[in-house]
S.K.: 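Have a look at this one.
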Amino acid sequence: MPFGNTHNNFKLNFKVEEEYPDLTKHNNHMAKVLTKDMYAKLRDKQTPSGFTLDDVIQTGVDNPGHPFIMTVGCVAGDEESYEVFKDLLDPIISDRHSGYKPTDKHKTDLNFENLKGGDDLDPNYVLSSRVRTGRSIKGYALPPHNSRGERRAVERLSVEALNTLDGEFKGKYYPLKGMTDAEQEQLINDHFLFDKPVSPLLLGAGMARDWPDSRGIWHNDGKSFLVWVNEEDHLRVISMEKGGNMKEVFRRFCVGLRKIEETFKKHNHCFMWNEHLGYVLTCPSNLGTGLRGGVHVKLPKLSTHAKFEEILGRLRLQKRGTGGVDTASVGGVFDISNADRLGSSEVDQVQMVVDGVKLMVEMEKKLEKGEAIDGMIPAQK
Amino acid sequence: MADHMEKINDKMAKLTIKRLSAEEEFPDLSQHNNHMAKVLTQDMYTKLRDRATPNGFTIDGVIQTGIDNPGHPFIMTVGCVAGDEETYEVFKELLDPIIEDRHGGYKPTDKHKTDLNPDNLKGGDDLDPNYVISSRVRTGRSIRGFCLPPHCSRGERRGVEKMSVEALDSLSGDLKGKYYALKNMTDAEQQQLIDDHFLFDKPVSPLLLASGMARDWPDGRGIWHNDTKTFLVWVNEEDHLRVISMQKGGNMKEVFNRFCAGLTKIETLFKDKGTSFMWNEHLGYVLTCPSNLGTGLRAGVHVKIPNMSKHAKFEEVLKRLRLQKRGTGGVDTAAVGGTFDISNADRLGFSEVALVQMVVDGVKLLVEMEKKLEKGQSIDDLMPAQK
């Protein structure tokens with residue numbers, strides 16, 4: 001809990017054995033890495049804003065995980081968490097991000113012109129295209145740890161910046177607090193709004209405190225560019241549209257993000273970023289690009305094929321249901337997106353989605369005609 | 001007030017969390033309807049946010065559950081919790097008015113009487129078992145020197161468990177029993193305990209979750225009960241200890257006898273170990289929720305009153321008898337088949353004996369009224385005066 005640091009020195013009166021969490025039934029990244037020795041070493045530390053080891057790991061202690069899904073089990077409370085608790089977070093980052101080393105450098109590339117193709121995914125199969133990322137405003141604590149005042153400041157700064165956008169980006173902010181049930185239902189049905197916090201992963205990390213104070217959604221008049229304020233990250237930026245023109249979605253994404261970043265800079269604010277971790281976000285799984293580029297695509301035949309999972313693995317893609325993470329697919333329609341976040345650039349990741357989805361649609365068409373796809377199985381990317 | 005500040009100033013923990021101005025940090029309570037929201041003003045918040053208890057509990061810790069749970073138009077929740085014994089002193093300006101509002105006008109200068117002598121209870125052994133299905137008395141206890149469930153560390157929680165289990169394991173005679181740690185319990189054991197109305201819920205209530213009481217679940221939590229399943233202790237749920245005496249039928253006197261005997265024995269065992277329960281002559285027994293101060297006692301029955309409960313004056317009768325109704329699943333559940341959980345409404349300002357007496361006398365009257373209504377007779381002449 002975010003008010004936990006005031007108790008941290010008091011806890012040091014107890015021995016390590018007495019305070020070390022019982023992780024025997026746990027299966028998440030944190031539980032794999034946090035030994036008693038590591039706990040002993042890190043437990044008297046705190047970040048300058050007062051985030052402690054127990055704050056980092058509480059969500060992982062309270063949510064043991066699932067035998068098949070590997071959750072991260074820890075969060076950052078501020079930018080410095082990744083430095084102060086390096087001993088814990090570096091191995092987790094390495095495990096989660098395919099061996100990414102503490103000395104590796106991450107490449108940021110938001111130049112949409114570097115994307116090849118992506119404007120011709122077959123709309124008979126690709127129902128919609130979407131790219132999202134997160135951004136944290138430097139100098140403010142992150143959602144697990146921020147105070148009401150900080151969260152309100154993030155909202156104020158963000159809305160000021162967003163309200164200066166014009167042209168295709170001109171839009172409006174809808175704070176959750178004043179929203180009518182009807183507006184809220186409409187936004188959910190449009191796949192725009194974020195959930196009221198019921199996930200124990202979020203609740204266990206204290207991210208739902210003071211809900212719905214300072215939470216809201218901004219979107220442009222065309223409903224193709226949206227920003228979530230103060231959900232799991234300070235900002236979540238989303239570009240989306242019906243059909244398969246991922247190129248256009250990505251263009252709008254890059255242009256919009258750049259405009260927002262420029263506006264922040266004019267007001268002497270910037271995003272949390274460094275050359276090792278890229279964009280710094282609340283969950284270690286979202287470091288790097290924080291980018292999830294994906295489509296809703298009809299693959300009833302391919303998804304029941306014996307090699308479906310294998311193909312996804314080789315293409316570095318992952319599947320989800322059409323309700324987002326942890327939902328089931330409906331009617332053979334899947335959400336297919338990039339699996340990676342850190343160690344490859346935005347352009348790289350969207351390229352993988354574009355190329356991979358194109359291939360899978362071709363495979364689907366073959367299977368429809370009763371033909372084999374063995375010759376099309378890709379190499380590991 | 002100056003004395004009060006002197007008393008607490010030296011011992012307060014140093015705060016290091018970054019915060020903005022008091023105005024920027026003050027919660028939006030405009031949609032809220034709980035005791036905390038009724039009392040907490042900007043001025044009060046500005047004053048209290050610079051304080052912390054010696055263990056580091058802050059005003060935001062006290063009120064978070066009330067911010068996150070705005071309340072219900074008809075049910076008035078408390079909206080705040082204590083993180084340690086000192087909370088009630090350090091945040092007095094907030095908690096005293098809440099205590100007063102919640103506990104029938106109890107003043108900061110009032111003294112609370114503790115009476116756990118079951119011989120002082122009159123009657124209570126003859127509630128009609130055709131109507132009174134079961135009888136139960138529960139209370140809570142906090143072990144001095146440990147932080148309370150919203151704020152305690154894993155080490156403290158385990159310390160409370162260890163000390164409690166040692167004490168309970170030394171009980172003998174009809175109190176002899178066994179501890180079942182939640183951590184090691186099989187699903188079958190757990191279901192049996194729930195069906196017997198023994199086990200406490202996995203924390204799903206947003207009231208508990210928001211105050212941090214469910215952290216590290218199920219570590220350090222468990223249930224102890226005697227072999228005959230009539231005396232139980234919950235460890236580390238909403239309080240350090242919840243002590244429960246219960247049995248089928250209407251012999252509340254026996255239930256209360258066992259309750260007092262068991263509690264007194266446990267308290268003696270703790271004293272032998274050099275600790276004690278949190279208690280003072282103003283607030284009585286100190287517990288996590290301000291609503292449970294004083295006796296922490298809820299004595300009640302499950303009673304069949306299908307006719308009485310539909311009577312126009314049912315609520316009025318309960319109010320005059322200083323009783324409250326709940327469904328048979330506990331707080332916030334609905335009644336099933338005309339069977340209600342009827343218990344004392346008060347906790348602070350009345351002794352344990354006085355509260356159980358109200359239940360015994362009140363339920364006896366309610367059953368008489370039910371019998372009259374069954375026969376189609378009026379109950380107007382049975383209406384009690386306001387206790």
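Side-chain atoms are counted along with the backbone in the values below, which use heavy atoms only and exclude waters and symmetry mates. As the structure is a prediction and not an experimental result, all values here were calculated from the model. Every chain is numbered from 1 and lettered A, B, ... according to where its sequence line falls, protein lines coming before strand lines.
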S.K.: Within this structure, what is the CZ-CD distance for the pair B:Arg157 and A:Glu18, rounded to the nearest 0.5 Å?
M.R.: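 Here the rounded value is 13.5 Å.
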S.K.: How long is the gap from CZ on A:Arg43 to OG on B:Ser153, to the nearest 0.5 Å?
M.R.: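 If we round to the nearest 0.5 Å, A:Arg43:CZ and B:Ser153:OG are 9.0 Å apart.
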S.K.: Would you compute the distance between atom CD of A:Glu150 and atom CG of B:Leu20 and round it to the nearest 0.5 angstrom?
M.R.: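 It is 6.0 Å, given to the nearest 0.5 Å.
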S.K.: Is the shortest heavy-atom distance from the side chain of A:Asp54 to the side chain of B:Arg154 under 4.5 Å?
M.R.: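 In contact.
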S.K.: Any side-chain heavy atom of A:Thr24 within less than 4.5 Å of one from B:Lys183?
M.R.: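 With C-beta onward as the side chain, the pair stays apart.
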S.K.: Using atom types as modelled and distance alone, determine if a side-chain donor or acceptor of A:Arg152 lies under 3.5 Å from a backbone N or O of B:Glu24.
M.R.: yes
S.K.: So how far is it from A:Glu19 CD to B:Asp216 CG, rounded to the nearest 0.5 Å?
M.R.: 9.0 Å
S.K.: Heavy atoms, side chains only, cut-off 4.5 Å: are B:Asp60 and A:Arg148 in contact?
M.R.: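 Of all side-chain heavy-atom pairs linking A:Arg148 with B:Asp60, at least one is under 4.5 Å.
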S.K.: Which atoms of A:Lys177 come close to chain B, meaning under 4.5 Å heavy atom to heavy atom: side chain ones, backbone ones, both, or neither?
M.R.: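 The side chain, not the backbone.
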S.K.: What part of B:Ala214 gets closer than 4.5 Å to chain A, counting heavy atoms only: side chain, backbone, both or neither?
M.R.: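 For B:Ala214, the backbone is the part near chain A, not the side chain.
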S.K.: Can you confirm whether more than 12 heavy atoms, excluding those of A:Lys86, are under 6.0 Å from its NZ atom?
M.R.: yes
S.K.: Identify which part of B:Cys152 has an atom lying under 4.5 Å from any heavy atom of chain A, answering side chain, backbone, both or neither.
M.R.: backbone
S.K.: Return the minimal non-hydrogen interatomic distance between B:Glu156 and A:Phe10, and the atom names on each side.
M.R.: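 It is OE2-CE2, 3.3 Å.
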S.K.: Quick check: are there more than 12 heavy atoms from other residues, nucleotides or ligands sitting under 6.0 Å from CD of B:Gln31?
M.R.: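 Not more than 12 within 6.0 Å, no.
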S.K.: More than 12 heavy atoms of other residues, nucleotides or ligands under 6.0 Å from NZ of A:Lys45: yes or no?
M.R.: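 Yes - once you tally the heavy atoms of other residues, nucleotides and ligands closer than 6.0 Å, there are more than 12.
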S.K.: Please identify each residue that fulfils salt bridge (charged side-chain N to carboxylate O under 4.0 Å, His left out) with A:Asp62, with sequence neighbours left out.
M.R.: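 Testing A:Asp62 for salt bridge (charged side-chain N to carboxylate O under 4.0 Å, His left out), a comparison that skips the adjacent residues, returns none.
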S.K.: Using heavy-atom distances under 4.5 Å, tell me whether A:Asp22 contacts chain B through its side chain, its backbone, both, or neither.
M.R.: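 Backbone plus side chain of A:Asp22, per the 4.5 Å heavy-atom cut-off to chain B.
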